[in-house]
Protein chains: 2
Amino acid sequence: MIRCPHCKQVESINRAGIVRGKQRYFCKACQVHFSFPNEVHTPSLRPHQVTIVDIAEQLGISKSTVSRALRGQSDIHPGTRQAVLDVANQLDYQPNQLAHSLVKSRTNTVGMLVPEFLSSFFPKVIMSAQQVLVEAGYNVVICQSGESYETEVANARTLLANRVDGLMVSHTKETRNFDHLRTFQRKGIPVVFFNRVCEDMTVPNVTVDDYRGAFVAVEHLIQTGRRRIAHLAGPDSLPNSRNRLNGYHDALLHYGLPVDNELIISYDLTLEKVNIYVNHLLNLPHPPDALFAMNDPAAIEALRVCRSRGIRVPAELAIVGFSDDPVSELVEPSLTTVAQPMAEIGRETARLLLNALHGPVSDVPEQVMLPTQLIVRRSS
Amino acid sequence: MIRCPHCKQVESINRAGIVRGKQRYFCKACQVHFSFPNEVHTPSLRPHQVTIVDIAEQLGISKSTVSRALRGQSDIHPGTRQAVLDVANQLDYQPNQLAHSLVKSRTNTVGMLVPEFLSSFFPKVIMSAQQVLVEAGYNVVICQSGESYETEVANARTLLANRVDGLMVSHTKETRNFDHLRTFQRKGIPVVFFNRVCEDMTVPNVTVDDYRGAFVAVEHLIQTGRRRIAHLAGPDSLPNSRNRLNGYHDALLHYGLPVDNELIISYDLTLEKVNIYVNHLLNLPHPPDALFAMNDPAAIEALRVCRSRGIRVPAELAIVGFSDDPVSELVEPSLTTVAQPMAEIGRETARLLLNALHGPVSDVPEQVMLPTQLIVRRSS
DNA sequence: CTGTTAGCGCTTTCAC
DNA sequence: GTGAAAGCGCTAACAG
C-alpha cells in the first residue's frame, strides 16, 4: 500500500513508470512524483561521538596530551603525536568546535545580516567578504531577513546566542531601532555596517558615494537634453535613498533646472509600487522625459511598464538605474546605470571587521566611501 | 596627518569636501573616499559576559533554579521566576547557545551546502527551506562553495565540527567523491540531497523531473518545425545533465529525428565556454535551427552571441533554457524555458530533513521528484 | 519548589 | 614531555 508522503492519502496514487529500475509513483492530489529506493536505510540512533578521551583511553595516555598533540603544540614527543594522530584518524575523530569555543570564548565565526539575497548585490558582497574572512580563519554565517525588522532582530539574537566574534550588517528598510545591534557593541563584539548604515552608531562602515553617483547620473540625463527628470526614490529611512535623492536634487539645481516635487516619488522597494508610480508619472499632464530610479530592479520594472504602454525608451523616456545588476545589461534596451563596486564593498567590510577583531582598536572607527561609476547603455 | 586606510600612504591624500559636517578625504592611489567620525569610540576589551551564575548570585539562589526559570519550566515558584526574569533583563543576560548545545548535544542548527548563489535558483530554494525550518525551531547556516570541491569539503568539515543536527546538500559540479558527506551519515547526522543528488548514497532527496522537462522542451521545438536541434549539455558528472540529455535524446528518437552527436556539446557551466560552443555550432556547415540549453544563463549567453552575430532569434535559431530564472522574462527576445518549482524544492527538502530529524526514521528514505513546466516565450 | 552534584568536550595552569 | 585538576556556561538527575 503506497501512501503519498505529502497528503498521506492512498487513493490518489498512480504508478508512473519505472526509472532506473525503480518504481515511480504520482499523487494526483499533490501533483507530485515520488519513489522509494531499493536499498534499505538502517537509521541507528545518533552513535557515540568520539572525543579526545576516547583517543586517550585507547592509547593509555591523558586527554591533555591528546589535546596538545592534536593542536600540534611544541612540547610533545613526536612519537606520541604521531600515535595520537593515527588513532584520531582511525577512529574518525572530529573535533567539537562547540566545546572549543566554550572554553576559548571565541568561535572564529562572524555573522552577516542582510535584508535579502535575491538581487545580485548582496550575494556578490557576501562572496567577496567571505573570501577575505575565510582566508583569515573565520567562518561566516549569513542571515537574511527578507526586509523584515522582526526577522532581523531574531537573527541578531541567534547570532549573539551563538557568540559570533563579529558582525557585518546591512539592515532592513524597516529598521529604525538599532538596540539589537547596540547589544553587540555593549558586549564588546565588533559591528561593521555596509551599504545601509546606521548614522547614529559609532562603528566602522562601508558605503558608496551615493550622492555623487546620483549627481553624475542626473547630470548625464541633463547633458543629453532631458529637462523633466523624475526620480523614483527609496524609503526615506535609508541614508542611501536620501543621499541619492540629494544628488538628484543638487544636479538639477546645479544646472538651473526646477525641482518639481510632482516628479519625485519615494516607494517601498516593492515592484508593485514601481508599476503604479511609473504609470502615474506617465499619466501626468506634463509627463517626465527621463526617470532616475533608486535601483536596477525598479528601473527594469519601469522599462516593462513603458514596453506595455508602447512608450519608446529612450526616445520618449530615458531611464537610469543604480547598481549595475548583471540583468541590466541583458534587458532591452540595455539599462544605463550607476555601478557599485560590490566585490570591493565586501572586501572592505571584511577588512574593517578584521581590524576590529584583531587590533586592540585604538583609532576612531574608519568609514570607507567607495566611488561609483556611471555606465551608459541604450536606455538613455 | 591623514593616512589612507588602504595603502597607508600620506602623500596621495586629498581633501574631498565636507559632508554632514565631516571632512572627507580621497586617496588618489586607491581611488577611494573615506572619512572619520567626530565621536570617539572607546574600544574596551571584551567585557564579562553575564551568565546564569551572575543572576543566581545576585538573587542568592542556585543556578539550577535560574536555569529552570529561564526555560519556563513548570515546577517553579512564579515569584522566583519573575525575579529571575527581571534580573536577567536588568543584566542584559544573553543565553550561551554553545554551552546549551554542548550539554544537549544538539545545536538546533542545520547546514546547507550549495554550489553558488549568484543565479536566482539557490537563493529561492534557500529562502523557502529556511522558512520551513525556522518555523520548526532550527537555524539554517548556508555555505556556498563556488563550485569548488575543496571548498565544499572544507565547508562540510566546519559544519560537522560545529555539530549541525542535519544537512541539506546540492554538491558542486566537481564532486565525485562523497566521503565528506558519508561522514555525516556515519555519525548519525541526517543528510538530504536536493537538485544535485548523489545516486550512490541512500539518503532522501528532492529533484525535479529533468528528463520529462527536457523531453517536453525538445518536443515543443520539434512541433514548431525545428529539425536540427542542438543541445548544450551540462557536465556529465551531474545526474541533472544526464537526465536532461536523455530527455533531449528520447524526444528526438520519439519523433523520428536523427541524433547528431555534432550537435551535442557538454560544457562546464561557465559562460565563456557557452560563447565558444555556440559560435562553434553556428559555424557548422549545417548549423542547428534550435538550441536547447542546460540552463537559463547558458541560453541567455547564446542569445547574446546571436545578437552580436546578427542572427535572428527565433527565426534563424530558436532557443530554450531551463529553470525560469526571472531574467529570462526580461531579455530580448524573452526566453522560452522549463520552469522549476524552486520554492517547493526548498520546502520539500526542509520537510524531508525534518522527518529525518524528528522521527526515528523507520522508513526507507523518501525521494521526491517534482514536476517542471514548459514556459513558452518569444525565443522559440 | 529548590539545591547539590555530575558532566557535556575541550583547554589550561601547575606540578612532576 | 606528560598528567591531574579546574573550569568554560549550561542541563539533568536526584535528593530533600
Side-chain angles (χ1 to χ4, degrees), chain A residues 46-85 87-88 91-109 160-165 187-189, chain B residues 46-85 87-88 91-109 160-165 187-189:
Chain A
R46 191 87 69 88
H48 169 73
Q49 308 288 325
V50 5
T51 74
I52 54 171
V53 176
D54 297 313
I55 301 177
E57 281 174 354
Q58 174 141 351
L59 253 41
I61 60 178
S62 80
K63 62 175 180 175
S64 327
T65 304
V66 174
S67 172
R68 285 190 272 252
L70 252 19
R71 276 173 299 144
Q73 284 193 342
S74 47
D75 284 4
I76 190 110
H77 187 91
T80 313
R81 191 211 315 283
Q82 195 52 54
V84 168
L85 260 31
V87 173
L91 259 37
D92 194 15
Y93 168 77
Q94 302 292 143
N96 187 325
Q97 175 69 34
L98 298 172
H100 181 271
S101 296
L102 183 58
V103 49
K104 304 284 280 187
S105 41
R106 61 197 301 276
T107 52
N108 290 316
T109 299
L160 192 56
N162 282 289
R163 296 294 189 267
V164 290
D165 294 334
K187 306 262 174 205
I189 300 169
Chain B
R46 191 88 69 88
H48 169 73
Q49 308 288 324
V50 5
T51 73
I52 53 171
V53 176
D54 297 314
I55 300 177
E57 282 174 353
Q58 174 141 349
L59 252 40
I61 60 179
S62 81
K63 62 177 180 174
S64 329
T65 304
V66 175
S67 171
R68 284 188 274 252
L70 252 18
R71 275 172 300 145
Q73 284 194 342
S74 46
D75 285 4
I76 190 109
H77 187 91
T80 313
R81 189 208 320 281
Q82 195 52 55
V84 168
L85 261 28
V87 174
L91 260 37
D92 194 16
Y93 167 78
Q94 300 293 144
N96 187 326
Q97 174 68 34
L98 298 172
H100 182 270
S101 296
L102 183 58
V103 49
K104 304 284 278 187
S105 38
R106 58 197 301 277
T107 52
N108 290 316
T109 299
L160 192 56
N162 282 289
R163 296 295 188 266
V164 290
D165 294 334
K187 307 260 175 205
I189 300 168

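Throughout, protein chains are lettered first and strands after them, A, B, ... in sequence-line order, and every chain is numbered starting at 1.
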Name the nucleic acid region contacted by A:Ser101, choosing base, sugar-phosphate or nothing; use a 4.0 angstrom heavy-atom cut-off, strictly under.
nothing
What is the separation between atom NZ on B:Lys104 and atom P on C:dG7, rounded to the nearest whole Å?
18 Å
Between the side chains of A:His48 and A:Asp54, is a donor N or O closer than 3.5 angstrom to an acceptor N or O?
yes
Listed by chain and number, what are the side-chain hydrogen bond (donor to acceptor under 3.5 Å, both in side chains) partners of B:Glu57, not counting sequence neighbours?
none
Which residues share a side-chain hydrogen bond (donor to acceptor under 3.5 Å, both in side chains) with B:Ser62, sequence neighbours left out:
B:Thr65
Whole-Å distance between C:dC10 P and A:Gln73 CD?
15 Å
Rounded to the nearest angstrom, tell me the gap between atom NE2 in B:His100 and atom C1' in C:dC8.
12 Å
Note the angle between the end axes of the helix from C:dC1-D:dG16 to C:dC16-D:dG1, five pairs defining each, rounded to 10 degrees.
40°
In whole Å, what is the span from the CD1 atom of A:Ile52 to the P atom of C:dT12?
11 Å
Sorted by chain and number, sequence neighbours left out, side-chain hydrogen bond (donor to acceptor under 3.5 Å, both in side chains) with B:Gln94 holds for none
Under 3.5 Å, side-chain donor or acceptor atoms of residues 75-82 of chain A against the rest of the protein: list the pairs with distances, not counting sequence neighbours.
residue	atom	partner	partner atom	Å
A:Arg81	NH1	A:Gln73	O	3.3
A:Gln82	NE2	A:Asp86	OD1	3.0

Rounded to whole Å, CD of A:Gln94 lies from C1' of C:dC10 at a distance of 15 Å
Taking only N and O in the side chain of A:Ser67, is any of them less than 4.0 Å away from OP1 or OP2 of C:dT11?
yes
Tell me which of A:Arg71 and A:Gln49 sits closer to the 5' end of DNA chain C, going by the nucleotide each one is nearest to.
A:Gln49
Outermost DNA chain D nucleotides near chain B [under 4.0 Å, heavy atoms]
D:dG9 to D:dA13
Answer with base, sugar-phosphate or nothing: what part of the nucleic acid does B:Ile76 contact at a heavy-atom distance below 4.0 Å?
sugar-phosphate
Between protein and nucleic acid, restricted to nucleotides 3-5 of chain C and to nitrogen or oxygen atoms under 3.5 Å apart, what atom pairs and distances do you find?
residue	atom	partner	partner atom	Å
C:dG3	OP2	B:Ser62	N	3.0
C:dG3	OP2	B:Ser62	OG	3.2
C:dG3	OP2	B:Thr65	OG1	2.6
C:dG3	N7	B:Arg68	NH2	2.7
C:dG3	O6	B:Arg68	NH1	3.2
C:dG3	O6	B:Arg68	NH2	3.3
C:dT4	O4	B:Ser64	OG	2.8

Let me confirm one number: the CZ-NZ distance from B:Arg68 to B:Lys63, rounded to the nearest 0.5 Å.
12.0 Å
Who are the side chain to side chain contact (heavy atoms under 4.5 Å, CB included) partners of B:Leu98, not counting sequence neighbours?
A:Leu98, A:Ser101, A:Thr107, A:Arg163, B:Asn96
Minimal non-hydrogen separation, A:Ala99 against B:Leu102, with atom names:
CB-CD1, 3.9 Å
A:Leu91 CG to C:dG9 P: how many Å, rounded?
14 Å
Nearest-Å distance, CZ (B:Arg81) to C1' (C:dT2)?
14 Å
Going by salt bridge (Lys or Arg N to Asp or Glu O under 4.0 Å), name the residues that satisfy it together with A:Asp165, two or more places apart in sequence or in a different chain.
B:Arg46
Once you round to the nearest 0.5 Å, how far does CD of A:Gln49 lie from OG1 of A:Thr51?
10.0 Å
Look at all strands and tell whether A:Asn96 reaches a base, only sugar-phosphate, or nothing, counting heavy atoms closer than 4.0 Å.
sugar-phosphate
Residues that A:Val66 engages under side chain to side chain contact (heavy atoms under 4.5 Å, CB included), provided they are two or more places apart:
A:Ile52, A:Ile55, A:Ala56, A:Ile61, A:Leu70, A:Val84
Suppose we screen for side-chain hydrogen bond (donor to acceptor under 3.5 Å, both in side chains). Which residues come up paired with A:Arg71, at least two apart in sequence or across chains?
A:Ser67
Contact nearer the 5' end of DNA chain C, comparing B:Thr80 with B:Val103:
B:Thr80
What's the CG-C1' distance between A:Leu102 and C:dT11, to the nearest Å?
10 Å
